[in-house]
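By convention here, the first residue in the shown sequence is residue 1. Because the structure is a prediction, the values reported are computed rather than measured.
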Amino acid sequence: MSKSFRALGLAVSALALTGLPAAAQTKVTDQGISASEIVIGTHQDLSGPIKTWGVPVSNGMKMAAEEINAAGGIHGRKIKLILEDSGYDPKRAVLASQKMVERDKVFAMVGPMGSPTVLAAQDILFDAGVLQLFPLTAAEFTFKFDPAKPQERLKFNNLLPYVESTRAAVKYMLETKNFKKPCIMHQDDEYGKNVLDGFTQQLTAMKLTPASVTSYKRGASDFSAQVAKMKADGCDVVVLGTVIRETIGAMGEAKKLGWDVTFLGATPTNVLEVPALGKEAVEGLYAASGFEIPYEDTAKGKVKDWLANYKKMFGSDANTQAIIGYNAMMTFAFYAEKAGKDLTGQKMMNSLESGEQFRDIFNSPPTKFSKTDHLATTITQVQQVKNGRWVLIKEGLMF
């Protein structure tokens, strides 16, 4: 054996003994950072089926950027926000992400919208070393990462995840209300599967069996068969892996049948539009949530001022979605500030994984990440619709 091959063999053996792969270092881009600005990208649904989410989320992000820049920016650098419309179409999200990475040279993708759109486009970001921060989906793929794939460390999520929040809310309802025949109706996609997983895991932990499990196709508007089945199965509490229209439809169908049953929604049901549009049909609905929804006539201090400023800026009342968009940007600013004046991709990564806590003005659980956990929180609240408003019932829940 030649000396060169022997040396190579020794080097490989030494590497194997350390247990560390040769390319374990995560590549993080420094593009988009100049002396005067930080370029940030996002893609939202501004024209498609969930524009009721995308428009207020983008408004919240714009509002936060204006506030940050008016206060002098981040160590003197102003935020430049690049906003693209995906239409909730994975192909458009991919094209938008390619454009923002290659042409706009974004430093980070903040608050991108939707499970299928985020999933389709995220590898473009990872290949370029662009951070994917605080997407508008609580699916597990947005925060769970394989340590053997260092570029996956670029993803962080500050939303309450569907599985964990469903588990905590189900546990609370079963223990406090003494239900015996829990059931679930869920959307037949990744979101619905996450809610089903949370429901199933919690029932297994409590040694209970579901009385009924039923699903519906995404986009469906008729839930008569599902509701009739659950009624016939004798359900005493129904978990809903639904969004806005489906929540209202299912509960409206139950009322048509004269079926007086308790409904518990996953986090996407906890938005102002559900009681505003559903009215009497959704009265009494419980839902898992991450923070208490503020109302202008009862809010106080900074939150009251924020609601008034949002209405003045956009001509409409702020909602849950606007708060989430605002918080995504403010969370980015917090960790970028902590990264120091000489901002780089690696320093931003170090700041995010430092364990430093960000607290918003809305009394949400604190945001905190570590080197091994890129999910901010699993602390859950339960709220209920009473007299057309969401009211906090219980906070600080975990399974």
Side-chain angles (χ1 to χ4, degrees), residues 134 136-140 142-144 157-186 191-208 210 235-243 247 261-272 274-275 282 284-295 303 320 323-324 327 331 357-370 373-386 389-399:
F134 327 132
L136 272 295
T137 164
E140 291 186 339
T142 62
F143 57 86
K144 286 192 174 181
N157 197 320
N158 67 338
L159 292 184
L160 186 62
Y162 301 135
V163 173
E164 286 80 356
S165 57
T166 300
R167 286 196 64 173
V170 167
K171 181 175 186 287
Y172 169 77
M173 294 295 288
L174 294 180
E175 288 181 344
T176 59
K177 306 294 183 180
N178 200 33
F179 293 120
K180 301 298 184 184
K181 302 188 74 174
C183 305
I184 185 169
M185 185 184 101
H186 66 92
Y191 154 59
K193 182 183 182 300
N194 272 238
V195 177
L196 175 62
D197 287 346
F199 172 82
T200 303
Q201 289 174 22
Q202 191 55 43
L203 262 60
T204 299
M206 299 176 76
K207 296 181 172 57
L208 294 172
C235 306
D236 54 11
V237 60
V238 175
V239 175
L240 293 173
T242 54
V243 195
T247 303
V261 67
T262 298
F263 285 91
L264 168 66
T267 52
T269 69
N270 182 232
V271 293
L272 291 172
V274 167
V282 300
L285 168 67
Y286 291 87
S289 66
F291 57 89
E292 187 174 2
I293 296 176
Y295 289 88
V303 176
T320 307
I323 290 171
I324 292 172
N327 271 350
T331 307
Q357 289 189 355
F358 167 72
R359 291 183 176 270
D360 66 20
I361 65 172
F362 304 100
N363 196 34
S364 305
T367 294
K368 180 181 177 181
F369 305 106
S370 70
D373 190 353
H374 287 186
L375 173 65
T377 183
T378 58
I379 301 174
T380 304
Q381 296 181 354
V382 170
Q383 297 185 45
Q384 187 182 25
V385 177
K386 292 184 176 181
R389 288 194 175 200
W390 286 106
V391 176
L392 179 64
I393 300 298
K394 185 68 175 178
E395 60 185 341
L397 296 172
M398 300 186 76
F399 59 85

Quick one: list whatever passes side chain to side chain donor-acceptor pair (under 3.5 Å) with [X], sequence neighbours left out.
{"X": "K177", "answer": "Y286"}
{"X": "T367", "answer": "none"}
{"X": "D197", "answer": "K193"}
{"X": "N327", "answer": "D360"}

- For R389, which residues count as a salt bridge (Lys or Arg N to Asp or Glu O under 4.0 Å) partner, sequence neighbours excluded?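 So R389 forms a salt bridge (Lys or Arg N to Asp or Glu O under 4.0 Å) with D297.
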
Heavy-atom distance under 4.5 Å between the side chains of [X] and [Y], does that happen here?
{"X": "F399", "Y": "T166", "value": "no"}
{"X": "K386", "Y": "V391", "value": "yes"}
{"X": "I293", "Y": "L272", "value": "yes"}
{"X": "L174", "Y": "P182", "value": "yes"}
{"X": "L159", "Y": "T137", "value": "no"}
{"X": "T269", "Y": "V243", "value": "no"}
{"X": "N363", "Y": "E395", "value": "yes"}
{"X": "N270", "Y": "Q383", "value": "yes"}

- Could you list all the salt bridge (Lys or Arg N to Asp or Glu O under 4.0 Å) pairs where at least one residue sits in residues 158-174, not counting sequence neighbours? K171-E175

Could you give the distance from [atom1] ([X]) to [atom2] ([Y]), rounded to the nearest 0.5 Å?
{"X": "L375", "Y": "T142", "atom1": "CG", "atom2": "OG1", "answer": "8.0 Å"}
{"X": "H186", "Y": "N194", "atom1": "NE2", "atom2": "CG", "answer": "11.5 Å"}
{"X": "F179", "Y": "D236", "atom1": "CZ", "atom2": "CG", "answer": "6.0 Å"}
{"X": "F291", "Y": "I361", "atom1": "CZ", "atom2": "CD1", "answer": "11.0 Å"}

So, [X] side chain and [Y] main chain: donor-acceptor pair closer than 3.5 Å or not?
{"X": "T380", "Y": "T378", "answer": "yes"}
{"X": "Y172", "Y": "M398", "answer": "no"}
{"X": "Q381", "Y": "E292", "answer": "yes"}

- Once the angle between the rings of F369 and F134 is folded into 0 to 90°, is it parallel (under 30°), tilted (30 to 60°) or perpendicular (over 60°)?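 The arrangement is parallel - the two ring planes meet at less than 30°.
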
